[in-house]
S.K.: 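The following block contains the structure, expressed as C-alpha cells.
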Amino acid sequence: MRSLAEHVRAGGLVVGLEPSCTAVFRSDAPEMFPGDQDVRRLRDRTVTLAELLTEHSPGYEPPHVPERSAKALAQVHCHQHAVLDWQADQELLHRAGVDAERLDSGCCGLAGNFGFEPGHLEVSEACAERVLLPRLREEPPETVVLADGFSCRTQIHEFDSGGHEAVHLAELLASAMPGAPGSAYGVAPGARPAPPSRRARALALAGAGSAGLAAAGLIQNRRRRNRL
C-alpha cells in the first residue's frame with residue numbers, strides 16, 4: 001500500500017492481471033481495513049485489463065484476432081466470477097472479432113494451492129473433469145482457451161486437456177498484433193517456451209543452492225550476534 005498510495009491519491013489506475021490478486025485490492029483489503037482511505041482509493045482505482053481498455057482508454061480499438069484464433073473458450077477464474085465480473089472481457093473480445101464462449105465449469109479445481117496439498121488431488125481433478133477438461137478435449141487444436149487465472153492455466157496444463165494450453169487475455173491480444181513477439185502470425189496463442197536444457201537446470205539449481213547457503217550463513221551470523 002505504501003508503494004501505491006501516492007499513485008492512487010493522484011488519480012492513477014492500478015491494472016490487475018491476475019484475478020485473485022486483483023480481488024484483494026477490490027474486495028479483501030477494504031474489508032480488512034475499512035477505515036483506511038488509501039485502501040478505499042485503491043479499491044476504486046483498481047481495474048482489470050479489459051476494464052482499462054474498454055472503460056478508460058478513449059478511442060482504443062483492439063487488434064482484430066486472425067480467423068484461425070477467432071473461436072475461444074473462456075475459463076473464468078472464481079475471483080473474477082465472484083468479485084470482478086467478466087462483462088468487460090466479453091465486450092473487448094467481441095470488438096476483437098473473437099467468438100468467446102464462457103464455460104459453465106465453475107472452479108477449475110486447483111483453487112490456489114488446494115490441489116497441490118496432500119489428499120486433495122482426487123477432488124481437484126474431479127472438479128476439472130466435471131466440465132472443463134472434457135469440453136477442452138472435444139475442441140479442435142485451433143480453439144483458443146482463455147484463462148486469466150494462473151491456477152486455471154496450471155490446471156489445464158497439468159491434466160488431460162486434449163493438448164490445449166490456456167492463455168491470458170493479454171497474450172491473445174498480443175498475438176493479433178502483426179510483427180509483435182509471440183504474434184499469432186508467427187507463433188500460435190498458447191505456445192510456450194521450450195523446457196530449459198539440462199545445463200540451464202543445473203545452473204539454476206547451483207544458483208539456488210548458493211543462495212540457500214548464503215541465507216543460512218546470514219541466519220547463523222545473526223544468531224551469533226544475538227548471543228553476544
Side-chain angles (χ1 to χ4, degrees), residues 15-29 31 46-53 65 69-94 96 98-175 182 184 187-193 195:
V15 182
L17 297 179
E18 163 60 41
S20 58
C21 298
T22 310
V24 170
F25 292 167
R26 289 264 282 261
S27 179
D28 297 341
E31 290 177 2
T46 296
V47 296
T48 67
L49 176 63
E51 288 170 342
L52 173 72
L53 297 178
V65 171
S69 302
K71 181 182 179 183
L73 296 180
Q75 168 63 23
V76 179
H77 191 279
C78 292
H79 284 100
Q80 185 152 9
H81 169 76
V83 176
L84 306 173
D85 199 11
W86 196 69
Q87 188 172 350
D89 298 69
Q90 193 168 34
E91 178 186 341
L92 183 62
L93 289 165
H94 176 74
V98 179
D99 179 15
E101 176 187 346
R102 177 176 178 173
L103 293 175
D104 185 19
S105 50
C107 181
C108 71
L110 188 52
N113 65 335
F114 172 85
F116 289 117
E117 294 175 349
H120 292 169
L121 178 61
E122 290 185 1
V123 174
S124 178
E125 186 173 8
C127 290
E129 285 288 354
R130 191 180 67 84
V131 173
L132 175 60
L133 296 178
R135 184 59 192 281
L136 296 189
R137 291 194 290 265
E138 295 174 356
E139 290 295 318
E142 60 269 20
T143 298
V144 173
V145 181
L146 281 169
D148 283 3
F150 176 78
S151 294
C152 302
R153 293 196 300 273
T154 300
Q155 193 81 325
I156 290 168
H157 175 77
E158 291 293 326
F159 289 126
D160 180 11
S161 59
H164 289 285
E165 291 286 353
V167 297
H168 193 282
L169 173 63
E171 292 180 286
L172 178 60
L173 294 177
S175 76
V187 179
R192 291 290 184 263

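Residues: numbered from 1 along the sequence shown. Heavy-atom basis, side chains included; hydrogens, waters and symmetry copies ignored.
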S.K.: Among Leu93, Leu103, Val76, exactly one meets side-chain contact (heavy atoms from CB on, under 4.5 Å) together with Leu146. Which residue is that?
M.R.: Leu93
S.K.: Please confirm whether the backbone N or O of Gly162 pairs with a side-chain atom of Glu139, one donor and one acceptor, at under 3.5 Å?
M.R.: no
S.K.: Applying side-chain contact (heavy atoms from CB on, under 4.5 Å) between Leu173 and each of Val167, Val98, Leu53, report the one that passes.
M.R.: Leu53
S.K.: For Phe114, what residues pass the ring-ring contact (aromatic ring centres under 6.0 Å, His included) criterion, not counting sequence neighbours?
M.R.: His120
S.K.: Hey, is the main chain of Val145 close enough, under 3.5 Å, to the side chain of His164 for a donor-acceptor pair?
M.R.: no
S.K.: Just to verify, what does His94 make a side chain to side chain contact (heavy atoms under 4.5 Å, CB included) with, not counting sequence neighbours?
M.R.: none
S.K.: Not counting sequence neighbours, list each pair that qualifies as a salt bridge (Lys or Arg N to Asp or Glu O under 4.0 Å) and has a residue in residues 111-126.
M.R.: none
S.K.: List for me each residue that meets salt bridge (Lys or Arg N to Asp or Glu O under 4.0 Å) alongside Glu91, sequence neighbours excluded, and say none if there are none.
M.R.: Arg95
S.K.: Counting N and O atoms only, with roles assigned by atom type, does the side chain of Arg153 sit under 3.5 Å from a partner on the main chain of Ala147, one being a donor and the other an acceptor?
M.R.: yes
S.K.: Please name all residues satisfying side chain to side chain contact (heavy atoms under 4.5 Å, CB included) with Thr46, sequence neighbours left out, ordered by chain then number.
M.R.: Val14, Thr22, Phe25, Arg26, Leu42
S.K.: In the structure I gave you, are the side-chain heavy atoms of His79 and Ser27 within less than 4.5 Å of one another anywhere?
M.R.: no
S.K.: Write out all pairs satisfying ring-ring contact (aromatic ring centres under 6.0 Å, His included) with one or both partners inside residues 140-162, taking only residues at least two apart or from two chains.
M.R.: none
S.K.: My understanding is that only residues two or more places apart in sequence, or in another chain, count here; which of them pass side chain to side chain contact (heavy atoms under 4.5 Å, CB included) with Pro140?
M.R.: Glu142, Thr143
S.K.: How long is the span from the NE2 atom in His81 to the SG atom in Cys78, to the nearest 0.5 Å?
M.R.: 8.0 Å
S.K.: Can you tell me how far apart CG (Leu49) and CG (Asp148) are? Round to the nearest 0.5 Å.
M.R.: 7.5 Å
S.K.: Can you list everything that forms a salt bridge (Lys or Arg N to Asp or Glu O under 4.0 Å) with Glu158? Sequence neighbours excluded, please.
M.R.: none
S.K.: Taking side chain to side chain contact (heavy atoms under 4.5 Å, CB included) as the definition, give me every residue that meets it alongside Ala82, ordered by chain and number, with sequence neighbours left out.
M.R.: none
S.K.: Donor-acceptor check, side chain of Gln80 to backbone of His77, threshold 3.5 angstrom: yes or no?
M.R.: no
S.K.: For Ser151 versus Leu110, what's the shortest heavy-atom pair and its separation?
M.R.: O-CD2, 3.3 Å
S.K.: Enter the distance from Arg135:CZ to Ser161:OG here, rounded to the nearest 0.5 Å.
M.R.: 14.0 Å
S.K.: Do any side-chain atoms of residues 127-134 form donor-acceptor pairs under 3.5 angstrom with protein atoms, and if so which ones, sequence neighbours left out?
M.R.:
| residue | atom | partner | partner atom | Å |
| --- | --- | --- | --- | --- |
| Glu129 | OE1 | Arg137 | NH2 | 2.8 |
| Glu129 | OE2 | Arg137 | NH1 | 3.2 |
| Arg130 | NH2 | Ser105 | O | 3.0 |

S.K.: With no hydrogens and no angle check, is any side-chain donor or acceptor of Ser175 less than 3.5 Å from a backbone partner on Leu172?
M.R.: yes
S.K.: Taking side chain as C-beta onward, heavy atoms only, is Ile156 less than 4.5 Å from Cys108?
M.R.: no
